[in-house]
Asker: 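Structure incoming, see below.
Quick caveat: nothing in here was measured; it's all calculated off a predicted structure.
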Amino acid sequence: MSNDSQGSVKGEAAMMLSPSGSASSQGPPLSPSTATKPPELPDELVQAGWAKCWSRRENRPYYFNRFTNQSLWEVPVLGQHDVISDPLGLNAAPAEGGDSTLGNGQRKRRSSEEQAAGPNSVKRAKVNPFIFPSIPLSLYLHVYPMEVLKFFIVVVLSIYWDLDIQTNAVIREHPPANHLPPHPEIELQRAQLVTKLRQHYHELCHQREGIDPPRESFNRWLLERKVIDKGHDPLLPSDCDPVISPSMFREVMNDIPIRLSRIKYKEEARKLLFKYAEAAKKMIDSRNASPESRKVVKWNAEDTMSWLRRDHSASKEDYMDRLEHLRQQCGPHVAAVAKDSVEGICSKIYQLSADYSRRLRQTHLKACASPQQSRLVYCYPVRLVIPSPPLPRVELHFENDMACLRFRGEMVKVNRGHFSKLELLYRYSCIDDPRFEKFLSRVWCLLKRYQEMFGSGANEGTGLQGALPVAVFEALNRQFGVSFECFASPLNCYFKQFCSAFPDIDGFFGSRGPFLSFSPVSGSFEANPPFCEELMDAMVKHFEELLDQSSEPLSFIVFVPEWRDPVTPALTRMEASRFLRHQLSIPAYEHEYRSGSQHTCKREEMYYRAVHGTAVLFLQNDAGFAKWAPTPERMAELMAAYRPASSRTSSLSSPGPAHIAPGDRDCTPKTSDRMQMDYGKTKNSARRRRQSIQSEAKCTGQRRRSQNWDS
């Protein structure tokens, strides 16, 4: 809104809408076409959001505040009743020359309501909670002064990120990354190819082995391939050695001849034993097995079936012992006959992925080095050499507390809080789009990419993106100077500096690129990697190389699952490392993680208890140990922060606009430059906000449902 229209209302341009897009309860406030220009309000009232409007229903003027949706019949007085800092009017002073019981806090009412109020009528207090704006904060920066925006910040009581912490990670300056810039057309094609690849994997497991693919094995295959992939595509593996994935091969073999599930009752154990014996016998009969293998498997399977028909009084433990004995006897022979078939599945999936990657790169090249520097600088986001082409329009609308972005019929969602967070990260990190013209297109690519990576099923991929609780991050920053996450994403990061899997799209939101390609010289880092054994092993190797090469203070605080049966190579290597300064073990069910789907899940599903222990290891060189030593006092505070809260209220559903530093106002995109952002107007925002407040009150005392981490 321009300055010349703030004090008065003219014609059609006089329509006053609330920040959330809803009109006032009296209808669109229009100025009368026949009335003369009303007198302008004082500058203080105009700056506070007040404007004089005309009520066609009551045929009289009233005063409306576009910041708070407050409507008054009388001329407002500054400092008398601020609904943000004093929502109940406890500190309001009585109006001069008027009724002290009404003052400036009196709400606008209809004349019919005033006439109907009798001596026995009861005046009910109207709850007018603060309405969160449904448009991003950057749009307000060119419309409202910074002083007014400070009132928005006070209502955000608890958020999961702190983007004001400056980095202490120092790297050697490097040239911009040679990645192709993201493009919605290419990302849509990539999503279709990944979906097609998942379907091929499902069909191959059914056709060749008669089993469903192991749960999330395809997701872990992508992670494991990223460790060794030297191809150009950021998601699809195309240049890996070996071709056969150890991760996929191991998980498919574990489900042959049938998948063994957890057993609770005796009847389930008996049924599972019978199915295993039957499946082993059927497989050995249908495959090209040696006579010795065929004899051993058939004899053990028939002996087990005979025992099941003969003995009906066995306990659950008896069935499980018999199943374990049958696996030991038949397992090697079954694995031997299935080995070639499973290797064929792994090889076929990789070849299809490499072919898709080549085709995708050719399409991407159609659509769309400076020498190494040795100067030490603070780390900065990934920069792309190839400039981004003009991007197609992506539509945006809001459904309750979710921001929905649509491109060619494909829709992705993110809650309002994380949408505001992405906008802040984009403002801090992006240098080629000061007007936010490509913001929505890049957000759509980002959300679609992570949906492709971790799947779109219910709770699929949640564990692979789990994050530490906010209290732990605060303790790490306060006690150990941690300001950098080695494994994160723009969706689950706590700091604004982090490493992530996709530099081509995450770089616009603060990513410093993949951690295995990131070589800091000094700094304090937190590492909570996805629980993929190959990735964790490569991480530890990279840690030791960095610590050995640097004489500056360097520290890595690593959070990994404490798997002991069998123990993981990464944990063994860290425990034997000469850089290990301290090790801490946190028992299972005594700590929790933040859900990997925090940007879309419900409040009560935000945290889940860890079903396994977590090992916390401090890897530091001598200078890092001298600066950030894990002393007993620091460790005591870290343990206290890791203790699960009895009740935790999340603010991610609709936390409102996040904080913008005053210095960022100059680089804020103008309203006219962001017309492609189709911010939907919602007529019932006040009612939904009241319902949200009631829902939060109900959820405060409830126990959060724990989630299983299926690794």
Side-chain angles (χ1 to χ4, degrees), residues 160-161 179 181-184 186-195 197-198 216 218-226 229 233-237 353 360 381-382 394 396 402-407 410-423 425-426 429 439-467 485-494 496 498-515 528-532 535 593-601 605-606 652:
Y160 178 64
W161 52 86
H179 298 288
H183 195 284
I186 303 301
E187 204 61 43
L188 180 61
Q189 186 176 350
R190 182 180 284 112
Q192 295 170 349
L193 292 176
V194 173
T195 301
L197 194 62
R198 289 178 183 271
E216 297 199 25
F218 187 87
N219 301 337
R220 281 187 284 269
W221 174 75
L222 289 176
L223 287 173
E224 181 263 335
R225 295 281 91 179
K226 289 295 292 183
D229 185 32
D233 194 88
L235 180 62
L236 291 170
S353 175
L360 198 61
V382 173
V394 171
L396 170 69
M402 303 298 292
C404 306
L405 294 91
R406 185 187 300 274
F407 175 72
E410 292 283 338
M411 187 169 66
V412 292
K413 296 183 178 181
V414 62
N415 63 45
R416 290 177 185 249
H418 279 81
F419 186 74
S420 298
K421 174 191 178 183
L422 291 176
E423 185 181 9
L425 290 171
Y426 193 79
S429 307
F439 172 68
L440 289 181
S441 297
R442 287 168 174 171
V443 171
W444 188 91
C445 292
L446 171 75
L447 296 174
K448 195 66 179 176
R449 177 74 59 81
Y450 279 94
Q451 186 184 82
E452 301 159 23
M453 178 70 173
F454 295 103
S456 56
N459 297 325
E460 186 177 6
T462 297
L464 297 175
Q465 295 189 89
E485 297 170 73
C486 297
F487 298 91
S489 73
L491 298 172
N492 70 356
C493 68
Y494 176 79
K496 64 181 177 183
F498 56 91
C499 284
S500 64
F502 309 118
D504 62 320
I505 180 63
D506 295 348
F508 295 107
F509 300 90
S511 173
R512 272 58 172 170
F515 179 72
N528 178 28
F531 293 170
C532 170
L535 178 59
Y593 285 90
R594 195 171 179 88
S595 173
S597 59
Q598 57 178 272
H599 57 288
T600 56
C601 71
E605 299 174 351
M606 193 64 65
L652 292 179

Asker: Given 3.5 Å as the limit, does a donor-acceptor pair link the side chain of Ser429 with the main chain of Gly510, or not?
Answerer: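 Yes, Ser429 side chain to Gly510 backbone: donor-acceptor pair under 3.5 Å.
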Asker: Which residue is it: His179, Arg449, His183? I am looking for the one with a side chain to side chain donor-acceptor pair (under 3.5 Å) to Asp504.
Answerer: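 The residue from His179, Arg449, His183 that satisfies side chain to side chain donor-acceptor pair (under 3.5 Å) with Asp504 turns out to be Arg449.
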Asker: Looking only at heavy atoms, what is the nearest atom pair of Trp161 and Gly417, with distance?
Answerer: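 In terms of heavy atoms, the two residues are closest at CH2-O, 3.4 Å.
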Asker: Taking side chain to side chain donor-acceptor pair (under 3.5 Å) as the definition, give me every residue that meets it alongside Arg512, ordered by chain and number, with sequence neighbours left out.
Answerer: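 Not a single residue meets the side chain to side chain donor-acceptor pair (under 3.5 Å) criterion with Arg512.
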Asker: To the nearest 0.5 Å, what is the distance between CG on Leu491 and CG on Leu447?
Answerer: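 Going from the CG atom of Leu491 to the CG atom of Leu447 covers 6.0 Å.
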Asker: Less than 4.5 Å apart, side chain to side chain, heavy atoms only: is that true for Glu485 and Asn528?
Answerer: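 In short, these two side chains do not touch, never coming nearer than 4.5 Å.
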Asker: Kindly compute the distance separating CG (Leu405) from CZ (Arg442), expressed to the nearest 0.5 Å.
Answerer: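 Interatomic distance, Leu405 CG to Arg442 CZ, rounded to 0.5 Å: 14.5 Å.
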Asker: Please enumerate all residues that pass salt bridge (charged side-chain N to carboxylate O under 4.0 Å, His left out) together with Lys496, with sequence neighbours excluded.
Answerer: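 Salt bridge (charged side-chain N to carboxylate O under 4.0 Å, His left out) list for Lys496, sorted by chain: empty.
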Asker: What are the two closest non-hydrogen atoms of Ala501 and Tyr450, and how far apart are they?
Answerer: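 Closest heavy-atom pair between Ala501 and Tyr450: N-OH, 4.3 Å.
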Asker: Any salt bridge linking Lys448 with Glu410? Criterion: basic side-chain nitrogen under 4.0 Å from a carboxylate oxygen.
Answerer: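 Result for this pair is yes, salt bridge flagged.
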Asker: For the residue pair Phe502 and Pro182, establish whether any side-chain heavy-atom pair is separated by less than 4.5 Å.
Answerer: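 Not touching, per the 4.5 Å side-chain cut-off.
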Asker: Parallel, tilted or perpendicular for Trp444 and Phe407, by the 30°/60° rule?
Answerer: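 Perpendicular, since the angle between the ring planes exceeds 60°.
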Asker: Is a donor on one side and an acceptor on the other found under 3.5 Å between the side chain of Lys226 and the backbone of Pro234?
Answerer: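 At least one qualifying donor-acceptor pair exists.
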Asker: Which heavy atom of Cys493 sits nearest to which heavy atom of Leu425, and what is that distance?
Answerer: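 Answer, listing the atom of Cys493 first, then Leu425: SG-CD1, 4.0 Å.
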Asker: With heavy-atom distances below 4.5 Å as the criterion, would you say the side chains of Ile505 and Glu187 are in contact?
Answerer: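 No, too far: nothing below the 4.5 Å cut-off.
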Asker: Of all the heavy-atom pairs spanning Ser500 and Ala488, show the shortest one and how long it is.
Answerer: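 Looking at all heavy atoms of both residues, the closest pair is CB-O, 3.1 Å.
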Asker: Can you measure from NZ (Lys413) to CZ (Phe419) and round to the nearest 0.5 angstrom?
Answerer: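 The NZ atom of Lys413 sits 14.5 Å away from the CZ atom of Phe419.
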Asker: Can you find a pair of side-chain heavy atoms, one from Ser353 and one from Trp221, that are under 4.5 Å apart?
Answerer: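 Answer yes - side chains close enough.
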Asker: What's the shortest heavy-atom distance between Gln598 and Ala467, and which atoms?
Answerer: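 Scanning both residues, the minimum pair turns out to be NE2-CB, 4.2 Å.
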Asker: Can you tell me how far the CZ atom of Phe218 sits from the CG atom of Leu197, to the nearest 0.5 Å?
Answerer: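 Reported to 0.5 Å precision, the distance equals 4.0 Å.
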Asker: side-chain hydrogen bond (donor to acceptor under 3.5 Å, both in side chains) between Asp506 and Ser511: does it pass, once the steps are laid out?
Answerer: CA-CA 5 Å; Asp506 295 348; Ser511 173; 4.8 Å; no
Asker: Taking C-beta and beyond as the side chain, do Thr600 and Met402 meet within less than 4.5 Å on heavy atoms?
Answerer: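 The answer is yes; the side chains approach within 4.5 Å.
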Asker: With distance as the sole test, does Glu224 use its side chain to make a donor-acceptor pair with the main-chain N or O of Cys532 at under 3.5 Å?
Answerer: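 No; judged by distance alone, with no hydrogens or angles, the pair does not exist.
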Asker: Indicate yes or no: at least one non-hydrogen side-chain atom of Asn492 is less than 4.5 angstrom from one of Arg594.
Answerer: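 No, every pair of side-chain atoms sits at 4.5 Å or beyond.
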Asker: Counting distance only, does the side-chain N/O of Arg220 pair as donor-acceptor with the main-chain N or O of Phe531 below 3.5 Å?
Answerer: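 Between the backbone of Phe531 and the side chain of Arg220 there is no qualifying donor-acceptor contact (under 3.5 Å).
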Asker: Under 4.5 Å between any side-chain heavy atoms of Pro529 and Cys486, yes or no?
Answerer: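 No, every pair of side-chain atoms sits at 4.5 Å or beyond.
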Asker: As an exercise, state the distance from CZ of Arg190 to CD1 of Ile186, rounded to the nearest 0.5 Å.
Answerer: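 These two atoms lie 7.5 Å from each other.
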Asker: Do side-chain atoms of Asn415 reach the backbone of His599 as a donor and acceptor pair under 3.5 angstrom?
Answerer: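 Judged by distance alone, yes, a pair lies under 3.5 Å.
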Asker: What pair of heavy atoms forms the shortest contact from Leu235 to Leu222, and how long is it?
Answerer: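 Between these two residues, the closest heavy atoms are O-CD2, 3.8 Å.
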Asker: According to the interplanar angle, ranging from 0 to 90°, do the rings of Phe439 and Phe509 count as parallel (below 30°), tilted (30 to 60°) or perpendicular (above 60°)?
Answerer: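 Taking Phe509 first and then Phe439, their aromatic rings sit tilted (interplane angle of 30° to 60°).
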Asker: Heavy atoms, side chains only, cut-off 4.5 Å: are Glu423 and Val443 in contact?
Answerer: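 With C-beta onward as the side chain, the pair stays apart.
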